[in-house]
Amino acid sequence: MGRRRGFDEAVVLNVVRDQFWTTGCAGTSTYDLMEATGLGKGSIYKAVGNKHDLYVCVFSDYCRDLVAQAREQLQGGPKAVLPSPMARLEHHLVSLAGAFAGESPQRGRFLTKVTADRAGEDEEVAQTARRAFDDLAGVLTGAIRDAQDEGQWPTMSTPRLWGICC
């Protein structure tokens with residue numbers, strides 16, 4: 001029977017994500033991760049695998065959370081944050097602008113930074129980024145269609161959204 005972990009994995013993964021977010025994959029050493037988390041190398045990698053696996057894990061989690069947050073803000077129905085599709089779109093875009101403005105220029109948005117940094121040389125990262133961008137575009141397109149259905153958005157064209165969401 002294995003020993004129980006003496007740390008909160010979610011907290012550690014958030015710290016690891018922030019380290020990668022700040023210094024990138026290539027700029028982050030195992031020792032940087034050990035210092036940031038306060039854990040030994042074995043404890044960190046035993047939870048997820050090697051540095052690449054850890055990088056992909058925190059990036060995938062971030063992308064899933066980003067898409068889930070967009071869905072939550074933009075969904076209609078009884079659980080809708082705001083009653084009208086246009087109000088939900090406006091709220092979502094304002095919250096994105098606030099998030100962009102709140103980040104330092106060097107840090108940027110994690111999805112954008114990882115895509116620019118690693119997608120050209122890492123197919124797993126590229127697929128994760130592509131899926132996140134496609135999912136976000138789909139969520140935004142659905143919200144625009146909802147607004148069109150309610151007469152709140154012009155129906156002249158099919159909504160096409162690429163690269164404006166993260």
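Side chains are part of it too, since the values below use all heavy atoms of this structure and drop only hydrogens, waters and symmetry mates.
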For the residue pair Trp153 and Asp146, establish whether any side-chain heavy-atom pair is separated by less than 4.5 Å. no
Side-chain heavy-atom pair Tyr31, Met34 within 4.5 angstrom cut-off: yes
Between Lys113 and Phe59, is there a side-chain heavy-atom distance shorter than 4.5 Å? no
I need the minimum non-hydrogen distance between Ala36 and Val15, along with the two atoms involved. O-CG1, 3.3 Å
CD-CG distance between Gln73 and Leu140, expressed to the nearest 0.5 angstrom: 10.0 Å
Heavy-atom nearest pair, Val67 first then Ala132, reads CG2-O, 4.0 Å
Say whether, by atom type as modelled, one donor and one acceptor occur between the side chain of Ser95 and the main chain of His92 under 3.5 angstrom. yes
Under the side chain to side chain contact (heavy atoms under 4.5 Å, CB included) test against Ile144, which residue among Val139, Asp149, Leu89 passes? Leu89
Output every pair passing salt bridge (charged side-chain N to carboxylate O under 4.0 Å, His left out) with a member in residues 84-95, not counting sequence neighbours, ordered by first then second residue. none
Looking only at heavy atoms, the pair that brings Leu136 and Ala70 closest together is CD2-CB, 3.7 Å
Exercise: identify the closest heavy-atom pair between Cys25 and Tyr55: CB-CE1, 3.4 Å
Among Gln152, Gln148, Arg145, Gln75, which residue meets the side chain to side chain contact (heavy atoms under 4.5 Å, CB included) test with Pro85? Gln152
OG1 of Thr37 to CG of Asp32, rounded to nearest 0.5 Å, is 10.5 Å
Rounding to 0.5 Å, atoms CD (Glu35) and CD (Gln19) come to a distance of 8.0 Å
Can you tell me how far apart CG (Leu54) and CZ (Arg17) are? Round to the nearest 0.5 Å. 12.0 Å
Nearest 0.5 Å please: distance from the NZ atom of Lys41 over to the OG atom of Ser29. 10.5 Å
Thr128/Val114 under side chain to side chain contact (heavy atoms under 4.5 Å, CB included): CA gap, chis, key distance, verdict: CA-CA 10 Å; Thr128 301; Val114 170; over 6 Å; no
Contacts satisfying salt bridge (charged side-chain N to carboxylate O under 4.0 Å, His left out) that involve residues 51-63 (not counting sequence neighbours) are Asp61-Arg64
If I compare all heavy atoms of Val58 with all of Phe110, which pair ends up nearest, and what's the gap? O-CE2, 4.2 Å
Interatomic spacing from SG in Cys63 to CZ in Arg130 - rounded to 0.5 Å: 12.0 Å
